[in-house]
Amino acid sequence: MQHPCTNNTNWRTRLVKKKATSIIWPGTPLPRAFFDRVATKVAPQLLNKVLASEDGRAGRIVEVEAYLGAIDPAAHTYRGKTPRNAVMFGPPGHMYVYFTYGMHWCANCVSGPEGDGCGVLIRALEPLHGIEQMRAARPRVASDRDLCRGPARLTQAMGINGAQNGLDLVSAHDGFTIVDDGMAPPKARAGNLRIGISVGKDFPWRWNVPGNRYVSGTTAQRR
DNA sequence: AATGTGATCCTCT
DNA sequence: GAGGATCACATTC
């Protein structure tokens, strides 16, 4: 059966209804215009920003990957709009959450003009706040280093799943948002090759915070 | 640190 | 019906 939140026509009306009290982490919400640029420009600028939940969990974004719609064979949107990827074709600044490998959820923020199907996959967070809740959400993990070190790990730690598909990360009224707490992105540097894909491997569209111990992948993949 | 394997089910062809 | 924007654990170096 199709997950209700991936239903093309209903995804907007099926969002979490509860009114946000406040997003705990202090910082400035990113403006809509921040996301309204090509994903390869947005992605590295997203490093060192903070993904925060209204329930108190928050983590600094230390690794991202860009996916560029119609020109990118590794993008879910490469072959056009489907119920699953509909959110990515929607307005920038929303969260596209997908299910993969039969058991994992991953989160992107839609970036670029509406209709282009582009986005940025959040690949790793440095836990900042609500760490006890993250541990509770991932009871089998021994080291705090592994709480959010990987795209499916961080969604589990933050409590993100299909129910959050389509949330508006800009409004700060949907329970999750991305804020700027004053830390600048790392100095510009060339992107790494992307991980975990079978096509489109040649595009250097993965960026991380150099030297940060919460970045995913092997040493060779981190550089 | 690198490699191999099993888990598990949705999505589109 | 095939494969996937992955993780956890075991093994080996």
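Numbered from 1 within each chain, the chains take letters A, B, ... in sequence-line order. Computed from a prediction, not measured in an experiment: that's the story for all the values here.
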Tell me the interatomic distance from [X], atom [atom1], to [N], atom [atom2], rounded to whole angstroms.
X        : N      : atom1 : atom2 : value
A/His104 : B/dT11 : NE2   : P     : 16 Å
A/Met103 : C/dA5  : CE    : P     : 13 Å
A/Arg194 : C/dT6  : CZ    : P     : 11 Å
A/Ile160 : C/dC7  : CD1   : P     : 14 Å
A/Ile195 : B/dA2  : CD1   : P     : 12 Å
A/Leu121 : C/dT6  : CG    : C1'   : 11 Å
A/Trp207 : C/dA5  : CH2   : P     : 18 Å
A/Trp105 : B/dC10 : CH2   : P     : 9 Å

Requested in this report: Take A/Arg194 and A/Asp202 through the test salt bridge (Lys or Arg N to Asp or Glu O under 4.0 Å) and record every step on the way to the result.
Outcome: CA-CA 8 Å; A/Arg194 296 180 295 183; A/Asp202 298 338; over 6 Å; no
Can you check whether [X] reaches [Y] side chain to side chain, under 4.5 Å on heavy atoms?
X        : Y        : result
A/Arg149 : A/Leu125 : no
A/Val64  : A/Arg123 : no
A/Pro185 : A/Trp207 : no

Report task. Using a cut-off of strictly less than 4.0 Å between a heavy atom of the residue and any atom of DNA chain C, enumerate the qualifying residues of residues 60-78 of chain A by number. Result -> A/Tyr67, A/Ala74, A/His76
Considering only side-chain heavy atoms of [X], which listed nucleotide, [options], is closest?
X        : options               : answer
A/Pro151 : B/dC9, C/dC7, B/dT13  : C/dC7
A/Thr219 : B/dA7, C/dA5, B/dA2   : B/dA2
A/Phe99  : B/dC10, B/dA2, B/dT11 : B/dC10
A/Tyr98  : B/dC12, C/dA5, B/dA1  : C/dA5

Requested in this report: Produce a footprint string for nucleotides 8-13 of chain C: one letter per nucleotide, 5' end first; B if the base is under 4.0 Å from any protein heavy atom, S if only the sugar-phosphate is, - if neither.
Outcome: SS----
With a 3.5 Å distance limit and no angle check, can you tell me whether [X] reaches the backbone of [Y] through a side-chain donor-acceptor pair?
X        : Y       : value
A/Arg57  : A/Ala52 : no
A/Glu126 : A/Ile61 : no
A/Gln45  : A/Val42 : no

Requested in this report: Have a look at A/Ile197 and say if it touches a base, only the backbone sugar-phosphate, or nothing, with a 4.0 Å heavy-atom cut-off.
Outcome: sugar-phosphate
Report task. Kindly assign one of parallel, tilted or perpendicular to the pair A/Trp205 and A/Phe203, based on the angle between their ring planes and the thresholds 30° and 60°. Result -> parallel
Requested in this report: Please map the stems of DNA chain B, keeping only stretches of three or more Watson-Crick or G-U wobble pairs with both distances under 3.5 angstrom.
Outcome: B:1-7 with C:6-12, B:9-12 with C:1-4
Report task. May I have the step-by-step check of salt bridge (Lys or Arg N to Asp or Glu O under 4.0 Å) for A/Asp144 and A/Arg135, ending in yes or no? Result -> CA-CA 8 Å; A/Asp144 284 359; A/Arg135 288 196 191 114; 2.6 Å; yes
**Report entry** Of A/Tyr67, A/Tyr96, A/Tyr98, the residue whose pairing with A/His76 passes side chain to side chain donor-acceptor pair (under 3.5 Å)
**Finding:** A/Tyr96
Requested in this report: Could you tell me whether the phosphate oxygens of C/dT6, OP1 or OP2, come under 4.0 Å of any side-chain nitrogen or oxygen in A/Arg123?
Outcome: yes
Query - C/dG4 phosphate, OP1 or OP2, under 4.0 Å from A/Ser198 side-chain N/O - result: yes
Query raised in the report: Do A/Tyr101 and C/dA5 share a donor-acceptor pair, side chain to base, under 3.5 Å?
Result: no
Query raised in the report: Are A/Gln221 and A/Asn192 close enough that a side-chain donor and a side-chain acceptor fall under 3.5 Å?
Result: no
Query raised in the report: Hey, are A/Arg60 and A/Asp181 close enough for a salt bridge, meaning a charged N less than 4.0 Å from a carboxylate O?
Result: yes
